[in-house]
Participant: 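I have a structure I would like to understand better, so I am pasting it below and will then ask my questions one at a time.
Remember, it's a predicted structure, so these values are computed and weren't measured experimentally.
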Amino acid sequence: MLNEALLRLEGVVENIVFRNDENGYTVLEIANGEEYITAVGIMPLANAGDTVILMGCFTEHRSYGRQFAAQVCEVQRPTLSADILRYLSSGAVKGVGPSTAQKLVREFGENTLDIMENQPERVALLKGISVDRALEFSAQLKANAGVRKLMLYLGEYGISNAVAVNIFRALGAGCDEKIRENPYLLCQGGFGITFETADFIAKRESMDNDSEVRLRAGLGYILRRNEGNGNTCLSRAKLLYVAAEYLGVSADRAEECLEQMLFDRSLTADTVDGEEYVFLPQTHLSEMYIASTVKLMLSFPAEREKDPEKAIARLEQSEGIVYADLQKQSIAAALSEGMLVLTGGPGTGKTTTLNAIIKIMQSRGKKVLLAAPTGRAAKRMSEVTGEEAKTLHRLLEVTWDRQDNPVFNKNERNKLKCDALIIDEVSMVDSSIFESVMRALPIGCRLILVGDSDQLPSVGAGNVLGDLIESGVVPVVRLNEIFRQAQQSLIVTNAHKIVSGQMPVLNQTGSDFFFLYKNNKGEVTELITDLCQTRLPNAYGYSPFENIQVLCPSKKGELGTAELNHKLQARLNPPADGKAEITLGSRTFREGDKVMQVKNNYDIRWFRDNGETGEGVFNGDIGIIEKIDKRGKTVRVNFYDKTASLTYEACADLDFAYAITVHKSQGNEFDAVIIPMFSGPPQLYYRNLLYTAVTRAKKTLILVGMPQTVEYMINNNRQTKRHTALREFLTREDSLFGS
């Protein structure tokens, strides 16, 4: 619902100062009596000559002065001939320029817009306007009317114009009536609208509490929320219990609706570990497809390379290296098996093994592709192998549909061209993206998956690496010997102690692993900021923007990312003359800030120094704000491997990155890592999270706080238990492609 404090502003649009055609963000001037007011917001349909009713509030911009920030914009069509002429001449209807506008208004006067929309055959009688053009004018005006109507309706519930535009694109003409009949469409299409908001609208539309439409939406919403926690399925019993409580209906009524949804395939049920689980259909299909394709690869593997032992011996001689037994086993398995999982902790020789596999395959004329889930992980993979590595999205040549869902050009009809595909950091890969990889693999291609199974699982739903290993179906080599050089690193040896449940060495000096004791949260904060600003740069020459990363278990609290980012920004990048800054919501970004993209945005265009361009900035990408262009309303961010210009609206998905959560750090490595160690919620203070944080450090790791917290996290070995079905599907003795 709209905040009652919002102001109402009505006037005629005099001028469009700026508009981003992709998202509708607009800066315009309106005449309000004798006063001209600048208004900003998502107003894609407002054009010169329109009468607009805006709901919002006045703000004071540092450069542009007083502005009206519009949350809702109702556009009323012009009715006077002069205003209609101005409206059409402004380009409001594509294909209508000033001369055509004059012709139309001269012929139809104040009825011009109504005739253009509803009687295109009359428009087509005018000289120079074809039937097709007249029909196109009509379609545009009808669409604009539909969007206006939807904005007005949804604006009553505090739903922004930007979201309304996305909903109209997805649901099409008449979508306001569709939503009145079923408000739960709003929480089912990836629009970012909660079930609670849809539920409120449904109550306003007098929909019954136990209506089937509501219950079906509620069951689906619970499963989608469950996927947001990493699970691909939920037990039938748990789903019904949660649904009855959440929806306020009887268990029998919830079960009746569930049975109907299973019958009409709106949901899917399957047996996992002897118990019935319920899936969203696409998620069930993903895990089934992965399992069936893995079985196919194992049944019809790539042709075995001849004499892998001789190839290893020749490489040892040419490189002047002696591989450990497990490394040799890994290399031989990669050359012999159609699929291999190579896992192990830091310092166990994964990189050396990987390089050997690549060199032998390439020496035999094989085309090897390398990929990783994130840009930084791919960049690191390139650095350690000397070969090009791509993100999985780039490897699969991602594009996006009208609802901003990823569509991969590489698929079962357009396969990758390679003899072997090697993917690093597989612990981060969720079921959906792994399914897409499997669809793009050519027949006879080797698949080598590299990752640390003790790391945190993927952000998205699924437990691909863990399920593949636990199934016992896929060949796995686990490297567990810490090499002599790595033994000199306390980061490495302490990481292995942590993952095995032992207390790390905290009191050794002159190493790469430091523990600084502080028993007061304020002192922890002060020491962390001092380490970033002064001590580490002075001692090691580290840059707090490029080399140092603060990792936190939690976002909230005095030692969470939100508060630490506030303190670190103030110390590391304070306001200064000539340094542009903007305030968006509760955050003030300024040039030089370290930031992170926290949500996938497939529309943002980027470029590289070599002239390469593309689209898409992804959740977890870290960068530096290079320039804030207040005139163009854009922010240029260097994401290390690419540079992108973001509109102010797109900056809603940026956050500060001086401190980030451990979960957000997956796939990245940093020269220096600082971790606050203080008490916190048990669900965020556990062994695997600490292990993941420690292994993000390449050269220097500093824990600041209390040793009791370290001990607590090590003893809290709550595995991030995920409800998934891939392991079950892999071990079934049914038909190759499942039931």
Participant: Pairing donors with acceptors under 3.5 angstrom, does anything connect the side chains of R722 and T232?
Facilitator: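 Note: R722 and T232 side chains miss the donor-acceptor criterion.
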
Participant: Under 3.5 Å, is there a donor-acceptor pair between the T700 and Y542 side chains?
Facilitator: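 Yes, side-chain donor-acceptor contact under 3.5 Å.
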
Participant: How far does OG of S500 sit from CZ of R687, to the nearest 0.5 angstrom?
Facilitator: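 Rounded to the nearest 0.5 Å, the OG-CZ separation comes to 7.5 Å.
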
Participant: F408 ring centre to R439 NZ or CZ under 6.0 Å, with the angle to the axis within 45°?
Facilitator: no

Participant: Indicate whether the side chain of D452 and that of Y691 have a donor and an acceptor atom separated by less than 3.5 Å.
Facilitator: yes

Participant: Any side-chain heavy atom of K664 within less than 4.5 Å of one from V598?
Facilitator: yes

Participant: Return yes if a side-chain donor-acceptor contact under 3.5 Å exists between R304 and S336, otherwise no.
Facilitator: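 Distance-only check passes for R304 and S336.
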
Participant: Is there a side chain to side chain donor-acceptor pair (under 3.5 Å) between T385 and E387? Walk through the geometry before answering.
Facilitator: CA-CA 5 Å; T385 63; E387 303 290 334; over 6 Å; no

Participant: So, do M503 and V710 sit near enough that their side-chain heavy atoms are less than 4.5 Å apart?
Facilitator: yes

Participant: I'd like to know whether the aromatic ring centres of F729 and H284 sit less than 6.0 Å apart in this structure.
Facilitator: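 F729 vs H284: aromatic centres under 6.0 Å.
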
Participant: Compute whether any side-chain donor of one residue and acceptor of the other, for D467 and T724, lie under 3.5 angstrom apart.
Facilitator: yes

Participant: So how far is it from M297 CE to I443 CD1, rounded to the nearest 0.5 Å?
Facilitator: 11.0 Å

Participant: Heavy atoms, side chains only, cut-off 4.5 Å: are K306 and L335 in contact?
Facilitator: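 SC-SC contact between K306 and L335 ruled out.
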
Participant: Let me confirm one number: the CG-OG1 distance from N619 to T374, rounded to the nearest 0.5 Å.
Facilitator: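 The CG atom of N619 sits 10.5 Å away from the OG1 atom of T374.
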
Participant: Hey, are K350 and Q327 close enough side-chain-wise for a donor-acceptor pair under 3.5 Å?
Facilitator: no

Participant: Any side-chain heavy atom of L516 within less than 4.5 Å of one from L703?
Facilitator: no

Participant: Tell me whether Q317 at atom CD has more than 12 heavy atoms from other residues, nucleotides or ligands lying less than 6.0 Å away.
Facilitator: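 No.
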
Participant: Looking at side-chain heavy atoms only, is the closest gap between V505 and L490 below 4.5 Å?
Facilitator: yes

Participant: Would you say that E612 contacts K642 through its side chain, given a criterion of any heavy-atom pair below 4.5 Å between the two side chains?
Facilitator: no

Participant: Are T695 and Q455 linked by a side-chain donor-acceptor pair shorter than 3.5 Å?
Facilitator: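 Note: T695 and Q455 side chains meet the donor-acceptor criterion.
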
Participant: Keeping to residues at least two apart or across chains, list the salt bridge (Lys or Arg N to Asp or Glu O under 4.0 Å) pairs with something in residues 318-329.
Facilitator: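 Matches after skipping sequence neighbours: E316-K328, E319-K359.
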
Participant: Is it true that atom CZ of R394 has more than 12 heavy atoms of other residues, nucleotides or ligands lying nearer than 6.0 Å?
Facilitator: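 Above 12, so yes.
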
Participant: Just so I know, are the side chains of M706 and F678 near enough to count as touching, which here means a heavy-atom distance under 4.5 Å?
Facilitator: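 Yes - at least one pair of side-chain heavy atoms lies under 4.5 Å apart.
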
Participant: Tell me yes or no: between the side chains of S489 and D512, is some donor less than 3.5 Å from an acceptor?
Facilitator: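 D512 and S489 do have a side-chain donor-acceptor pair below 3.5 Å.
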
Participant: Look at atom NZ of K238 and say whether more than 12 heavy atoms of other residues, nucleotides or ligands are closer to it than 6.0 Å.
Facilitator: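 At most 12 heavy atoms, drawn from other residues, nucleotides or ligands, come within 6.0 Å of this atom.
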
Participant: Please list, one pair per line, the donor and acceptor atoms closer than 3.5 Å that link side chains of residues 366-373 to other protein atoms, with sequence neighbours excluded.
Facilitator:
| unit_1 | atom_1 | unit_2 | atom_2 | d |
| --- | --- | --- | --- | --- |
| K367 | NZ | K417 | O | 3.3 |

Participant: Is it the case that over 12 heavy atoms from other parts of the model lie below 6.0 angstrom from the CD atom of E303?
Facilitator: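 Counting neighbours around CD of E303, 12 or fewer heavy atoms of other residues, nucleotides or ligands fall under 6.0 Å, so no.
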
